[in-house]
Amino acid sequence: MYRTWIQNQQVVVRFTLSCQQKEEINEQQIIQTVLDLGVKLFSYINDSFAIKSLDGNLIIVYIQSGEVLDIQIQQVILKENILH
């Protein structure tokens, strides 16, 4: 779990149970990719979306509103598992 602030709003970024314990992912890089969206994250409160990371992985995120914004990384699909 990672806590930070985005424009005076406290946020928590965490991996859901389905996404934890995957040795193939770099958690810090995934968290930074999500946080790089900054205030754009506020457009997806109580909704989910996907981000393609620089290394080609697909990150599935859900944002839940509350006193502290809960950013849930629900799934990371490795680039070799993405079909074209």
Side-chain angles (χ1 to χ4, degrees):
M1 183 169 58
Y2 182 82
R3 290 183 182 268
T4 190
W5 293 83
I6 299 175
Q7 281 197 346
N8 298 322
Q9 170 71 50
Q10 186 176 17
V11 300
V12 171
V13 182
R14 63 187 179 90
F15 289 85
T16 61
L17 288 176
S18 64
C19 196
Q20 292 177 1
Q21 308 295 330
K22 287 192 176 183
E23 296 175 9
E24 305 91 11
I25 64 172
N26 180 335
E27 289 186 4
Q28 284 304 111
Q29 182 182 18
I30 300 294
I31 290 170
Q32 191 57 53
T33 299
V34 172
L35 290 176
D36 283 347
L37 290 174
V39 295
K40 290 181 185 178
L41 292 168
F42 299 142
S43 301
Y44 297 98
I45 293 176
N46 296 323
D47 203 357
S48 56
F49 61 96
I51 307 167
K52 190 169 184 181
S53 66
L54 293 177
D55 56 1
N57 297 330
L58 193 63
I59 306 164
I60 309 299
V61 180
Y62 179 79
I63 300 181
Q64 186 171 356
S65 65
E67 188 175 318
V68 175
L69 198 64
D70 184 17
I71 301 173
Q72 304 167 16
I73 300 172
Q74 296 187 325
Q75 192 65 259
V76 177
I77 302 171
L78 301 177
K79 64 182 173 188
E80 54 268 11
N81 294 331
I82 299 174
L83 306 176
H84 295 275

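Just so you know, residue 1 is the first one in the sequence shown, and it goes up from there.
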Given side chains that start at C-beta, do those of [X] and [Y] come closer than 4.5 Å, heavy atoms only?
X: I71; Y: Y2; value: no
X: I30; Y: V13; value: no
X: F15; Y: I31; value: yes

With rounding to the nearest 0.5 angstrom, report the [atom1] to [atom2] distance, [X] to [Y].
X: Q9; Y: S65; atom1: CD; atom2: OG; result: 9.5 Å
X: I59; Y: Q74; atom1: CD1; atom2: CD; result: 12.5 Å
X: L41; Y: D36; atom1: CG; atom2: CG; result: 9.5 Å
X: K40; Y: I51; atom1: NZ; atom2: CD1; result: 10.0 Å
X: N57; Y: N81; atom1: CG; atom2: CG; result: 9.0 Å
X: T33; Y: I73; atom1: OG1; atom2: CD1; result: 8.5 Å

### Task
Among Ile, Leu, Val, Met, Phe, Trp and Tyr joined by side-chain contacts under 4.5 Å, find the other residues sharing a cluster with L83 and list them by chain and number.
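In the cluster with L83 there is nothing else; it is isolated.
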#### Entry: Fellow cluster residues of M1, listed by chain then number, with links counted only when side-chain atoms sit under 4.5 Å apart
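Cluster partners of M1: V12, V68.
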### Task
Determine which pairs satisfy salt bridge (Lys or Arg N to Asp or Glu O under 4.0 Å) with at least one residue from residues 44-60, sequence neighbours left out, and list them in order.
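Residue pairs passing salt bridge (Lys or Arg N to Asp or Glu O under 4.0 Å), neighbours aside: none found.
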### Query
Got a sec, which residues hit salt bridge (Lys or Arg N to Asp or Glu O under 4.0 Å) with D70, two or more places apart in sequence or on another chain?
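Partners of D70 under the salt bridge (Lys or Arg N to Asp or Glu O under 4.0 Å) test: R14.
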#### Entry: For E67, side-chain contact (heavy atoms from CB on, under 4.5 Å) partners two or more places apart
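Partners of E67 under the side-chain contact (heavy atoms from CB on, under 4.5 Å) test: none.
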Give the minimum heavy-atom separation between [X] and [Y], together with the two atoms involved.
X: I6; Y: G38; answer: CG2-C, 3.9 Å
X: I82; Y: G56; answer: CD1-O, 3.5 Å
X: V76; Y: I25; answer: CG1-CG2, 3.7 Å

### Message
Is there a path of hydrophobic side-chain contacts, each under 4.5 Å between heavy atoms, that joins L54 and L35?
### Response
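Unlinked, L54 and L35 end up in two clusters.
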### Task
Report the C-alpha separation of V11 and I63 in whole Å, then their side-chain angles, then the decisive distance to 0.1 Å, and conclude whether the side chain to side chain contact (heavy atoms under 4.5 Å, CB included) test is met.
CA-CA 10 Å; V11 300; I63 300 181; over 6 Å; no
### Task
Apply the test side chain to side chain contact (heavy atoms under 4.5 Å, CB included) to residues N46 and Q64: give CA-CA distance (whole Å), side-chain angles for both, the deciding distance (0.1 Å), then the verdict.
CA-CA 5 Å; N46 296 323; Q64 186 171 356; 4.2 Å; yes
### Task
Give every residue pair that meets the ring pair (Phe, Tyr, Trp, His ring centres under 6.0 Å) criterion with at least one member in residues 47-73, sequence neighbours excluded.
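Applying ring pair (Phe, Tyr, Trp, His ring centres under 6.0 Å) to every pair that reaches into residues 47-73, excluding sequence neighbours, yields Y44-F49.
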